[in-house]
There are 2 protein chains.
Amino acid sequence: MLDRQHLHILSAVASTGTVTEAANKLHVTQSALSHAIKKLEQAYGVKVWHKEGRRVRMTNAGQLLLKFGNRVIPQFEHAELQLQQIAKGERGTLRIGMECHPCYQWLLTVVKPFIREFPDIDVDVKQQFQFGALGALLEYEIDMLITPDPLLHKHINYQAVFDYEHVLVVPADSTLASLGFIRPTDLADETLITYPVEASRLDIFTRFLTPAGVSPKRHKIIETTEIMLQMVEASRGVAALPRWLVESFQDKLDIKWVSLGSAKIMKSIYLGTRNKEQAPDYMGHFKALAKRARVV
Amino acid sequence: MLDRQHLHILSAVASTGTVTEAANKLHVTQSALSHAIKKLEQAYGVKVWHKEGRRVRMTNAGQLLLKFGNRVIPQFEHAELQLQQIAKGERGTLRIGMECHPCYQWLLTVVKPFIREFPDIDVDVKQQFQFGALGALLEYEIDMLITPDPLLHKHINYQAVFDYEHVLVVPADSTLASLGFIRPTDLADETLITYPVEASRLDIFTRFLTPAGVSPKRHKIIETTEIMLQMVEASRGVAALPRWLVESFQDKLDIKWVSLGSAKIMKSIYLGTRNKEQAPDYMGHFKALAKRARVV
DNA sequence: ATTAAAGCATGAATATTATTCATGTATGTA
DNA sequence: TACATACATGAATAATATTCATGCTTTAAT
């Protein structure tokens, strides 16, 4: 079979001019090269070179292989370089999945220093998953999952990266704004704005309204945080969001936040990763950056 | 060293799904593949795949190599195909050198059936040589030389392909046209038109005028046969050319030919080839075609 | 829950392949 | 003419690849 080694031999013979020098260059004996090419010649029934005086001259076939070698040898070398970069953790793709709408802003503050520190690691962020985010992680569709709901699984490790309070955002002039904390019944006459996910995954329902048997007057769905908060400012509804997120908008919008219940709703964001294979170095760095980014 | 074989293994594993099936596909044992990849992994310090249940899953590095393989394996296969074509004599380049201006028309009649019979053999025709046509042949700049002057050389074989008479072309109404043959002195008052080569390589001089100590009144240089003959028809001069060439123009131009001397000037065209290496099959076919093409 | 089967990894044995060594031949050079 | 250089080649040896035997883990079946 035509092999990389043959191309190296041809290349060395062409550049040095003689088989003997080529052999020195490749740190083997002249005999080894003669034998190797002879075998190739027999395999394909072509002459690769022929003696001319005390040197050799490439035949048509030899020149063909030489040109071929000039084209593919650099490709091999490039692939080897990439392997070495992977070995040193200098190259890779970090595919991040997010199950947490408001986390996007926070994630950006982690990704930004990360891509500066690891210029050869590509970062991908996905938010849509055909078979759920956990499935995507297990099926190698993503390498890391950012979620407030760490569904336990044998092959997934979770690490909490920061804790925050889930609060109700209200217009600054709302009567709710002056309360020390909100009770479920306070929302019975309000319009509640949420992201477009099932109610079973919204803490405002699962941990606050549903246990108390209360429903909001209306339920509006809005996809983007910015629009959602503008609606709140315009007194078109109230929303439940991370406190840090609300605070980051308070210099732009006339809104206020109030704790949900006297006990407050406390949440954590988790990074989930597979434990099936050894994680590359840069993933550890990413986790470290994520932990330091608690303050937004 | 990263080798073609590794890429085949990765490709087989990816397409079959398991190492065992890949091994069957490659007609070796599963163990052989495991060992081969393990060695590769150790050489570069990367994992190529990792066990997942009872199968394996490609790592980043494995996917890189897989993609690389998909790109280069077809290149190898193409190169091998080309080698086999060369082996069967189906592929090659026949580089022809010509030292014989009027031969071009004859050559075309040989090349035409040749390229039809050997569609994968390229034909190149060169007419300019830095160190002489013989040097070009010895230095592998060309593979075949077409010449009326076979300069003998140890490593060159010549073969005469056809004989012809060198005649004088004159306007049909010229007084010379009615002579049985031309004497040197008949040209003393004529304008002689020749191709742009040294007089020492023109038979009209070396074998006719110079031995008789005669010079033509004028000597004009013209590069193309067609123009040369039109000048003759217009009574602007006479020229010495192969008889067959003149005859092929006589239906278009009002010209006649007369033998040079009572003994005539007879010439042969030779094909010269190197005898250093074994010539490809198609070269023999070319020579055979050349011999059959004597009549133009 | 237990067993069976499938699949991969691995050390040791073996087979294969590559390389060297010794030598012959041809060619250019002193 | 002798000598040095360069390539080819058969035989010997070294290196490498492959197989064999086996253990471990996972999945499927009973």
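A, B, ... follow the sequence lines: proteins, then strands. Residue 1 opens every chain. Note that the structure is predicted; figures quoted are calculated from it, not measured.
Looking at heavy-atom distances under 4.0 Å, T29(B) makes contact with a base. The residue T18(B) sits close only to the backbone: its heavy atoms come under 4.0 Å of sugar-phosphate atoms, none of a base.
Between Q5(A) and K154(B), the residue whose closest nucleotide on DNA chain C is further toward the 5' end is Q5(A). The residue among S34(B) and L33(A) whose nearest nucleotide of DNA chain C is located toward the 5' end is S34(B).
Using a 4.0 Å cut-off between charged nitrogen and carboxylate oxygen, D163(B) and K267(B) do not count as a salt-bridge pair. At a threshold of 4.0 Å, the pair D3(A)-R4(B) does not count as salt-bridged, since none of the basic side-chain nitrogens sits closer than that to a carboxylate oxygen.
The nearest whole Å value for the distance from the CZ atom in R57(A) to the C1' atom in dA8(D) is 19 Å. Atom pair E52(B):CD and dC24(D):P shows a separation of 22 Å (rounding to whole Å applied). Put simply, NE2 on H27(B) is 12 Å from P on dT19(D), counting in whole angstrom units. Taking atom CG of residue N24(A) and atom P of nucleotide dC7(D), one finds them 10 Å apart after rounding to whole Å. Going from atom CD of E41(A) over to atom P of dT9(D) covers 9 Å, rounded to whole Å. Spacing between atom NE2 of H155(B) and atom C1' of dA26(C) amounts to 11 Å, rounded to whole angstrom units. E21(B) places its CD atom 14 Å from the C1' atom of dC8(C), with the value rounded to the nearest Å. Taking atom NZ of residue K39(A) and atom P of nucleotide dT16(C), one finds them 12 Å apart after rounding to whole Å.
L107(B) has its side chain within reach of I146(B): a pair of non-hydrogen atoms, C-beta onward, lies under 4.5 Å apart. In this structure the side chain of M58(B) never reaches within 4.5 angstrom of the side chain of H50(B), judged on heavy atoms.
Listed candidates were dT20(C), dT17(C), dT9(D). Nearest to the side chain of V28(A) is dT20(C).
Between W49(B) and dA9(C), a side-chain N or O to OP1/OP2 separation shorter than 4.0 Å is present. The phosphate of dA8(D) has neither OP1 nor OP2 within less than 4.0 Å of any side-chain N or O from K51(A).
Side-chain to base pairing of R54(B) with dT25(D): no donor and acceptor N or O lie closer than 3.5 Å to each other. At a cut-off of 3.5 angstrom, the base of dC21(C) holds at least one donor-acceptor pair with the side chain of S31(A).
Contact record, N275(A) with I156(A): ND2-N, 3.9 Å, taken as the closest heavy-atom pair.
A stacking contact between H35(B) and dT18(D) is absent: the pair does not combine a ring-centre distance of less than 5.5 Å to the base's six-membered ring with planes differing by less than 30°.
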